[in-house]
Amino acid sequence: MFSLKEYITPSSLEEAYELLNKNKNNVILGGLLWLKMGNKNYNMGIDLSKLGLDTIIETEPQIEVGCMTTLRQIETSSVLNTCFDGIVSASVKNIVGVQFRNCATVGGSVYSRFGFSDLLTALLALDCYVHMHKGGIIPLEKFIKMPYEKDILIKIIIKKDGSRASYKSCRMTATDFPILAVALSRCNSSWKIAVGARPNKAALAAKASKLLPENPTKEDIASACETVTSELHFGTNLRGSAEYRKELAKVLVKRGVEEICR
Ligand SMILES: Cc1cc2nc3c(=O)[nH]c(=O)nc-3n(C[C@H](O)[C@H](O)[C@H](O)COP(=O)(O)OP(=O)(O)OC[C@H]3O[C@@H](n4cnc5c(N)ncnc54)[C@H](O)[C@@H]3O)c2cc1C
């Protein structure tokens, strides 16, 4: 079990950021579900729950999801169940169980950039940004590749570009970590294919995405599926081999494209 010498609920983001950077062992607390798996001794735990960052706000151009929003709020949000064919909500539905999703936060999930992240895979297929306190607004694709800096993720921003989308994952059992996660979107005639749990962090298959026209033929889909497996790296871990993941990727991408074109 991890430990904290001190626990604090700051009254502003500026105060939280100053405290975070005061000591290298100070840490931001999300829902604590990942942190509690470790055994590190932290100096100060900084809880953002008094800052009103647990909302999902829809405006005309975008949807903003605060960092303290729980995965359960995402799952049940009428906005996120409607926009982008509900892929953001769909992506979190298999994560452990309802009690768990009532605690796990968007901030902890996105900041951590886990290789197995369902949410990150779904968001990567959309026009999504993270708003960092010091780093400002950063495209998610860039943020995923950045080093872990001591900053606070305030919210994520998803642009409402009218994309059609699909999310698919394969798991050994319903609530296990995914063996592979695939998210696709089509905005006008432009496609995005994101593949996560390879088991590396989610990445976009840019070449394969470009092979898909607005209404792809069977041949277009087959060639995009092959390209996904050649342009992205697939690895082996206890959940599956690289070869198995490649086969899964072809199936899940095909199903996703067909779903969007239906
Ligand atoms: C047993 C188990 C099974 C899981 N299964 C899955 C799964 O199948 N699919 C999946 O996608 N995910 C899975 N997860 C991950 C889970 O969904 C969450 O992503 C994870 O628990 C982190 O969220 P949290 O709120 O608990 O973060 P915490 O544990 O509180 O924090 C995690 C990290 O993020 C940092 N952090 C938190 N909030 C912020 C912020 N606002 N700004 C900057 N840094 C911040 C913390 O300092 C810490 O370093 C699993 C986790 C566990 C423990």
Side-chain angles (χ1 to χ4, degrees), residues 1-2 4 7-10 13 16-17 19-21 23-40 42-55 64-75 87-124 130-135 138 143-144 146-156 167 169-183 194 196-199 201-202 237 239:
M1 184 54 118
F2 81 112
L4 301 173
Y7 165 83
I8 189 154
T9 50
L13 270 168
Y17 181 77
L19 290 170
L20 178 65
N21 284 286
N23 183 311
K24 71 175 171 39
N25 278 328
N26 289 357
V27 67
I28 299 289
L29 309 177
L32 284 177
L33 294 153
W34 192 259
L35 276 174
K36 76 176 175 150
M37 306 280 282
N39 52 12
K40 210 168 157 189
Y42 292 102
N43 180 55
M44 180 190 283
I46 304 159
D47 180 353
L48 307 176
S49 60
K50 297 255 165 79
L51 301 181
L53 298 170
D54 59 349
T55 53
E64 299 184 0
V65 184
C67 65
M68 292 304 282
T69 305
T70 65
L71 300 188
R72 179 70 176 161
Q73 281 174 272
I74 287 194
E75 181 188 355
I87 68 158
V88 182
S89 302
S91 73
V92 300
K93 280 187 177 139
N94 287 96
I95 301 178
V96 189
V98 172
Q99 292 93 332
F100 183 99
R101 299 195 291 277
N102 269 329
C103 301
T105 63
V106 167
S109 302
V110 176
Y111 178 82
S112 300
R113 288 158 271 180
F114 297 120
F116 55 75
S117 179
D118 290 285
L119 180 60
L120 215 54
T121 308
L123 294 175
L124 189 58
V130 293
H131 187 171
M132 303 301 291
H133 181 68
K134 172 133 186 293
I138 306 167
F143 180 71
I144 286 179
M146 282 168 58
Y148 292 86
E149 280 160 17
K150 278 215 146 195
D151 200 350
I152 300 173
L153 192 157
I154 304 171
K155 61 185 167 192
I156 58 164
Y167 182 79
S169 73
C170 179
R171 304 168 127 85
M172 279 193 219
T173 58
T175 56
D176 193 9
F177 289 100
I179 306 171
L180 197 80
V182 170
R198 295 170 291 115
K201 285 177 197 173
N237 68 359
R239 287 191 170 71

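Here the structure is a predicted model, which is why all the values come from computation and not from measurement. As the structure lists them, so they are numbered: ligands from 1, and atoms in each ligand from 1.
In this structure the side chain of L53 reaches within 4.5 angstrom of the side chain of L13, judged on heavy atoms. Side chains of L153 and M132 form a contact here, defined as non-hydrogen atoms less than 4.5 Å apart. Side-chain contact between R239 and D176 is present, with heavy atoms from C-beta onward closer than 4.5 Å.
In the vicinity of A104, heavy-atom distances shorter than 4.0 Å reach the ligand 1 atoms 25 (O). Of all the atoms in ligand 1, the ones that sit under 4.0 Å from a non-hydrogen atom of R171 are 7 (C), 8 (O), 9 (N). Interface of D118 with ligand 1, defined as ligand atoms under 4.0 Å from a residue heavy atom, comprises 7 (C), 8 (O), 9 (N), 10 (C), 11 (O). The distance from ligand 1 to the heavy atoms of D151 drops below 4.0 Å at these ligand atoms: 43 (C). Interface of D176 with ligand 1, defined as ligand atoms under 4.0 Å from a residue heavy atom, comprises 8 (O). For ligand 1, the atoms sitting less than 4.0 Å from at least one non-hydrogen atom of L71 are 17 (O), numbered in the order shown with element in parentheses. Near P178, meaning under 4.0 Å from any of its heavy atoms, are these atoms of ligand 1: 8 (O). Per-residue contacts place V96 under 4.0 angstrom from the following atoms of ligand 1 (heavy atoms of the residue considered): 3 (C), 4 (C), 5 (N).
Residue G30 has at least one nitrogen or oxygen atom sitting less than 3.5 Å from a nitrogen or oxygen atom of ligand 1, judged on distance alone. At under 3.5 Å, not a single nitrogen or oxygen of T175, backbone or side chain, sits near a nitrogen or oxygen of ligand 1. For a threshold of 3.5 Å applied to N or O pairs, the pair formed by M37 and ligand 1 contains no separation below that value. On a distance-only criterion, I152 and ligand 1 share no N/O pair closer than 3.5 Å. Checked by distance only, ligand 1 and W34 come closer than 3.5 Å through their nitrogen or oxygen atoms.
For the pair K150 (side chain) and N23 (backbone), a donor-acceptor distance under 3.5 Å is present. Side-chain atoms of R101 never come within 3.5 Å of backbone atoms of V96 as a donor-acceptor pair (strictly under, hydrogens ignored). A donor-acceptor distance shorter than 3.5 angstrom exists from the side chain of R113 to the backbone of F143, with no hydrogens or angles considered. A donor-acceptor distance shorter than 3.5 angstrom exists from the side chain of N94 to the backbone of A174, with no hydrogens or angles considered. Side-chain atoms of D47 never come within 3.5 Å of backbone atoms of T9 as a donor-acceptor pair (strictly under, hydrogens ignored).
For the pair V106 and ligand 1, no heavy-atom separation below 4.0 Å is found.
Of the options C67, G31, S112, the smallest heavy-atom separation from atom 34 (O) of ligand 1 is shown by S112. For atom 51 (C) of ligand 1, the candidate residues are F116, F100, Y17; the nearest heavy-atom contact is made by F100. Remark: among candidates T105, V27, T69, the nearest residue to atom 25 (O) of ligand 1 is T105, based on non-hydrogen atoms. Between the choices G108, A122, S169, the shortest heavy-atom distance to atom 22 (C) of ligand 1 belongs to G108.
Taking the six-membered ring where tryptophan is involved, the planes of Y148 and Y111 are perpendicular, since the angle between them exceeds 60° and thus also 30°. Using cut-offs of 30° and 60° for the angle between ring planes, the F2 and Y42 rings count as perpendicular.
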